[in-house]
Amino acid sequence: MTKTFALVDCNSFYVSCEKVFRPDLKNRPVVVLSNNDGCVVARSKEAKQLGIKMGVPVFKIRDEIQRHSITVFSSNYTLYADMSNRVMRILEELAPRVEVYSIDEAFLDLTGVESAVSLLDFGRDIRQKVGQDTGITVCVGIAPTKTLSKLANHAAKDYPATGGVVDLCCSERQRRLLTLYPVDEVWGVGRRLSKRLNAQGIMTALDLANTDPKTIRKGFSVVLERTVRELNGESCIDLEEIVPAKQQIVCSRSFGSRIMTINAMREAVSEYASRAGEKLRGQKRCAKVVSVFIRSSPFNPNELHYSNSASATLDMPTDDTRDIVRVAMMLLDFIWRDGIRYAKAGIMLSDFFEPGVFQQSLFSKPVDASKSQALMATIDKINRTGKNIFLASQGVKKAWSMQRHYLSPAYTTQWKDLPLVR
DNA sequence: TCTGGGGTCCTAGGACCC
DNA sequence: TCTGGGGTCCTAGGACCC
């Protein structure tokens, strides 16, 4: 049976979240910045029209921001995550099977839906319902494969005449749309691949679809072969309803200002280690491998670039923040070098086990983890209320912590920030 | 002065084994 | 001086995604 997928994607998601609570910004240019107020990661329609590019460092567009009175926000992930949940719950009510693919997109399995209602109407219903309940506008792309539904969604965004919904189930329409998109806009084809493909004369999505899959497998990879088949309507990538358990947890961040002393670096790495431990316990896992990396800015040509990392394998997997911090501090001492202006650091946890299922070595002392578990559970519980319990090693002043000069209130997750209607 | 963060999958190559 | 074939496992690095 032919499958049917829909890709639902929120329009300029982060900007839309901010605009929901700021009706005064309707029809105004708005951008949202990455962590540390570094570069632009989301733009309103109006900001795009002014020529603001995705990913541009904010210091390069100071003039435009001034001249056009563009409103700027720091990233407010607490708000975006909450709004995302609201959107996803609605999709789950409407469709039988949903895969939450990222903070602002979901794949829906619409196989068989067509017998009851037209796919176009179904897409319009989704749009209407999400818009009404959350204030977020979405576009819907419908097709027999995930890769084609991505492209259909693209078209729904690019051509306002579609009303934000494109049904690409008929193969003639597929071919016609494929001619309109360069190959680098295909899902799974990035900068490097498109360069190599272009060199072989494969310029458009249709060119790629018309290439022999076996040749692609030989010259490139099985991944790209799947993409070719998907472009031709053969579904190779299934819906993944169940979120697979994470293989690794990373906590890393650029500093608000450069770090030059080991004490400040110890604070920062302790902080990231604690966040990583929290995430690990949230996944109900213990980790056996801890890695730490530190580096200077790779962008300054007048400075020697230093970047290094180190890993340690523990005797026993752990989810105790104190263990993780202790190992991280050892690793940090190992890679630390004086005289560097450090710009970024991070910690990675990997090699996960479920608590209690690890085979202990014959000679290791039995460990009673119950005290550690109770302590960590208590800390996590308190921290979830918005208070903050932390190890002394994380520091208090945190001169290095990230810059967020344009942060909006936590409208939906803190009572004190609840928007008022006057 | 100022350039994000967090993931996944695949492949090639080395180590090691029989 | 010569130097197989086949297999597994692990890791680093490259590519992609949002």
Side-chain angles (χ1 to χ4, degrees), chain A residues 7-10 12-14 31-42 53-63 65 72-77 80-81 84 99-107 146-147 150 153-154 183-197 216-227 236-237 240 243-258 272 275-276 279-280 282-283 289 291 293 295-303 305 307 309 311 313 341 343-352 402-406:
Chain A
L7 178 67
V8 181
D9 190 315
C10 304
S12 321
F13 182 57
Y14 296 172
V31 297
V32 175
L33 306 181
S34 62
N35 274 341
N36 254 320
D37 296 340
C39 39
V40 171
V41 292
K53 295 272 179 293
M54 181 71 174
V56 69
V58 69
F59 72 87
K60 285 189 178 170
I61 56 163
R62 287 275 175 225
D63 284 353
I65 290 173
V72 176
F73 288 99
S74 301
S75 283
N76 185 346
Y77 283 104
Y80 311 150
S84 173
E99 172 188 345
V100 177
Y101 178 67
S102 75
I103 193 160
D104 72 337
E105 323 169 41
F107 286 105
K146 279 184 164 181
T147 306
K150 272 271 192 186
N153 190 284
H154 225 307
V183 73
D184 64 296
E185 299 203 20
V186 173
W187 188 44
V189 179
R191 241 187 32 252
R192 308 290 180 99
L193 274 178
S194 62
K195 225 174 156 182
R196 286 173 60 198
L197 289 166
I216 289 288
R217 184 184 200 131
K218 265 204 207 101
F220 294 87
S221 69
V222 292
V223 183
L224 194 61
E225 182 198 5
R226 272 203 290 270
T227 301
C236 304
I237 309 171
E240 281 180 45
V243 185
K246 287 209 192 312
Q247 313 276 321
Q248 58 178 38
I249 287 171
V250 179
C251 260
S252 72
R253 207 134 288 163
S254 301
F255 306 125
S257 55
R258 297 280 188 270
Y272 303 160
R275 292 286 90 82
K279 288 191 200 173
L280 185 66
Q283 296 266 316
V289 173
S291 320
F293 74 86
R295 66 168 168 82
S296 63
S297 166
F299 299 108
N300 191 341
N302 305 319
E303 246 178 72
H305 180 48
S307 171
S309 65
S311 320
T313 303
R341 300 177 68 242
K344 185 175 180 176
I347 187 165
M348 188 170 101
L349 306 177
S350 52
D351 202 359
F352 293 163
M402 72 169 158
Q403 302 189 28
R404 297 215 276 179
H405 290 311
Y406 318 101

- Task: Report which part of the nucleic acid A:Asp37 touches: base, sugar-phosphate, or nothing (heavy-atom distance under 4.0 Å, all strands).
- Result: nothing

- Task: Mind checking A:Lys60 for me? I need base, sugar-phosphate or nothing, with any heavy atom below 4.0 Å counting as a touch.
- Result: nothing

- Query: Just checking A:Arg226: base, sugar-phosphate only, or nothing, at a heavy-atom cut-off of under 4.0 Å?
  - Reply: sugar-phosphate

- So what does A:Val222 touch, heavy atoms closer than 4.0 Å: a base, only the sugar-phosphate, or nothing? sugar-phosphate

- Query: Touch check for A:Ile249, heavy atoms < 4.0 angstrom, all strands: base, sugar-phosphate only, or nothing?
  - Reply: sugar-phosphate

- Base, sugar-phosphate, or nothing: which does A:Val100 touch, judged by heavy atoms less than 4.0 Å apart? nothing

- Task: Determine which bases of DNA chain B form Watson-Crick or G-U wobble pairs with both distances under 3.5 Å, and write the result as a 5' to 3' dot-bracket string with | for other-strand partners.
- Result: ....||||||||||||||

- Note on the structure: Taking for A:Ser221 and for A:Arg295 the nucleotide of DNA chain B with the nearest heavy atom, the one nearer the 5' end belongs to A:Arg295

- Message: Test your reading of the model: is there a side-chain donor-acceptor pair from A:Ser221 to the backbone of A:Val223, 3.5 Å cut-off?
- Response: yes

- How are the rings of A:Tyr272 and A:Phe255 set relative to one another: parallel (under 30°), tilted (30 to 60°) or perpendicular (over 60°)? parallel

- Query: Who are the side chain to side chain contact (heavy atoms under 4.5 Å, CB included) partners of A:Val72, not counting sequence neighbours?
  - Reply: A:Val31, A:Leu33, A:Ile65, A:Tyr406

- Touch check for A:Val189, heavy atoms < 4.0 angstrom, all strands: base, sugar-phosphate only, or nothing? sugar-phosphate

- Task: Write down the distance separating the P atoms in B:dT3 and C:dC18, rounded off to the nearest Å.
- Result: 25 Å

- Message: Under 4.0 Å, heavy atoms only, any strand: does A:Arg196 hit a base, just the sugar-phosphate, or nothing?
- Response: nothing

- Just checking A:Leu193: base, sugar-phosphate only, or nothing, at a heavy-atom cut-off of under 4.0 Å? sugar-phosphate

- Provide the start and end nucleotides, 5' to 3', of the part of DNA chain B that has atoms under 4.0 Å from heavy atoms of chain A. B:dC2 to B:dT11

Taking distance alone, no hydrogens or angles, what donor-acceptor pairs closer than 3.5 Å link side-chain atoms of residues 184-191 of chain A to residues at least two apart or in another chain?
| unit_1 | atom_1 | unit_2 | atom_2 | d |
| --- | --- | --- | --- | --- |
| A:Glu185 | OE1 | A:His154 | NE2 | 3.1 |
| A:Trp187 | NE1 | A:Tyr101 | OH | 3.4 |

- With A:Phe73, which residues qualify under ring pair (Phe, Tyr, Trp, His ring centres under 6.0 Å), at least two apart? none

- Task: Please tell me which of A:Ser254 and A:Val223 maps to the more 5' nucleotide of DNA chain B, matching each residue to the nucleotide holding its nearest heavy atom.
- Result: A:Ser254

- Contacts of A:Lys150 that satisfy side-chain hydrogen bond (donor to acceptor under 3.5 Å, both in side chains) - sequence neighbours left out: A:Glu105

- Taking side-chain hydrogen bond (donor to acceptor under 3.5 Å, both in side chains) as the test, write out the residues that go with A:Asp37, two or more places apart. A:Ser74

- Task: Scan A:Lys150 against the nucleic acid and name what it touches under 4.0 Å (heavy atoms): base, sugar-phosphate only, or nothing.
- Result: sugar-phosphate

- Note on the structure: Distance col, row A:Phe352:CZ vs A:Gln283:CD, nearest 0.5 angstrom, shows 7.5 Å

- Just jot down the side-chain hydrogen bond (donor to acceptor under 3.5 Å, both in side chains) partners of A:Arg192, sequence neighbours excluded, or say none. none

- Mind checking side-chain hydrogen bond (donor to acceptor under 3.5 Å, both in side chains) for A:Ser291 and listing every partner two or more places apart, or none if nothing turns up? A:Ser311

- Task: Have a look at A:Gln248 and say if it touches a base, only the backbone sugar-phosphate, or nothing, with a 4.0 Å heavy-atom cut-off.
- Result: base

- Query: When all nucleic acid strands are considered with a 4.0 Å heavy-atom cut-off, which category describes A:Arg191: base, sugar-phosphate, or nothing?
  - Reply: sugar-phosphate

